[in-house]
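Just follow the structure's listing: the first ligand is 1, and inside any ligand the first atom is 1. Computation of the quantities below employed the complete heavy-atom set of this structure, encompassing side-chain atoms and omitting hydrogens, waters and symmetry-equivalent molecules.
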Amino acid sequence: MTGRGVYGAQLDPPCVSREMGPIMPVLPATEEAIANAATALARGQTVAFPTETVYGLGAHACDAQAVAKVFAAKERPQFNPLIVHVPDRAAASSLADFGPNARKLAHAFWPGPLSLVLPKRPDSLIADLVTAGLDTIALRVPGNEIAQKLLAKAKLPIAAPSANRSGRVSPTTAAHVVAELGETPALILDGGACNRGIESTVVSLVGDEPTLLRHGAVPRGDIEAVLGRKIAVARDDAPIAAPGQLARHYAPQTPLRLNATTVRKGEVLLAFGPNAPACERKTINLSAKGDLMEAAANLFAALRNLDEVGAAGIAAMPIPNEGLGEAINDRLQRAAKAR
Ligand code: TXA
Ligand code: MG
């Protein structure tokens, strides 16, 4: 992208070196690796990178061919729009129209794990494939330092879904990304485990009513506190389905049994809190001290690890349905849907 910058302002085009040597797929997120990742994005390649929620598989959001690589890698139904990651509110405002509620939420939660669905500005250069042809766009300013450095270096809006194959658990480490996508991305920036561990909360501010499209790392109550009102929660069968709303989006292979207070023969245990029942096979406690924030951060890695055992089932203890517990229970319920 040269000349008029993708955020409307005049920006230097990113430095592109054609002499760059072969890129190793997984790199610790040093300054040099981040610069390589920025270059790869500018050249239309895909890059996996950490955010505070989960790892994303990123592409230059104005380059439809690059975005198509993301869909191909994820084997994702094409009607699912992607979240566009931008460095700050100014960049976001150049891509979408912000009303008073959007401004309040952006001010309160950005940078951070909240995605806002807003009317797309007609002059935005975002590829239609990113928004699945909708006239709305989901935007997020990530708080993770590596994601921020990548956005600053690339000077591009980055379209990035979670870096897993469609219908599978989101990756919270670079190793998970490798397990999901192999060497498909041009490179994977390794920034360690994601500290939030659950995807961003998605709120739509397109209609008359602010609507929660996906439970996530910002609890609904925090959003309601900022808006000073209750917000509607989209039904699972609502017409603009966020993939987080597809019934079986977060699915391990092993059957999951919810609200388990005892463990059956052959089951492994997904525990929560200090009073885990006895289990002969593997147990992972999401948070022995019963902390929902810690549980959310551990959720996807735990599901993945328990799935690898190949047990008859995963018994999942009840999680209190308050604060982040709402998002955790949402993911567990989807994972438990009959296959
Ligand atoms: O935490 C996250 O949000 C991660 C990291 C990488 O940022 N990304 C993520 O992206 O989870 P993805 O593509 O797996 O989920 C994007 C969600 C979906 O539920 C999608 O339908 C919704 O955002 N979404 C995106 N654009 C939308 C739009 N225009 N209208 C309604 N929903 C939209
Ligand atoms: Mg996802």
Let me confirm one number: the [atom1]-[atom2] distance from [X] to [Y], rounded to the nearest 0.5 Å.
| X | Y | atom1 | atom2 | answer |
| --- | --- | --- | --- | --- |
| E180 | R304 | CD | CZ | 4.5 Å |
| L306 | T254 | CG | OG1 | 8.0 Å |
| L82 | I158 | CG | CD1 | 12.5 Å |

Heavy-atom gap [X] to ligand 1 smaller than 4.0 Å:
| X | result |
| --- | --- |
| A160 | yes |
| T131 | no |
| S162 | yes |

With heavy atoms of [X] as the reference, note each atom of ligand 1 found under 4.0 Å away.
| X | result |
| --- | --- |
| L213 | 31 (C), 32 (N) |
| H85 | 5 (C), 6 (C), 7 (O) |
| G56 | 6 (C) |
| E199 | 1 (O), 2 (C), 11 (O) |
| T136 | 28 (C), 29 (N), 30 (N) |

Exercise. Would you say N164 has an N, O or S atom lying under 2.8 Å from the Mg ion (ligand 2)?
Worked result: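 Checking the Mg ion (ligand 2) against N164, no N, O or S atom falls under 2.8 Å.
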
Problem set entry | Distance-only donor-acceptor check, side chains S162 and E199, under 3.5 Å |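 On atom types as modelled, these side chains do not qualify, holding no pair under 3.5 Å.
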
Exercise. Would a distance-only check, ignoring hydrogens and angles, find a side-chain to backbone donor-acceptor pair under 3.5 Å from S204 to V206?
Worked result: yes

Any nitrogen or oxygen of [X], side chain or backbone, less than 3.5 Å from one on ligand 1?
| X | result |
| --- | --- |
| T51 | no |
| Y55 | no |
| S200 | yes |

Exercise. Given the rule that I, L, V, M, F, W and Y join up when any side-chain heavy atoms are under 4.5 Å apart, are M317 and L270 in one cluster?
Worked result: no

Exercise. With hydrophobic residues grouped by side-chain heavy-atom distances under 4.5 Å, do L205 and W110 end up in a single group?
Worked result: yes

Problem set entry | Sole residue of R140, R196, Q148, H85 in side-chain hydrogen bond (donor to acceptor under 3.5 Å, both in side chains) with T51 | R140

For this session: Please say whether more than 12 non-hydrogen atoms of neighbouring residues, nucleotides or ligands are located less than 6.0 Å from CD in Q65.
Result: no

Exercise. Atom 30 (N) of ligand 1: which of V202, V117, T211 has the nearest heavy atom?
Worked result: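 Of the listed residues, V117 has the closest heavy atom.
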
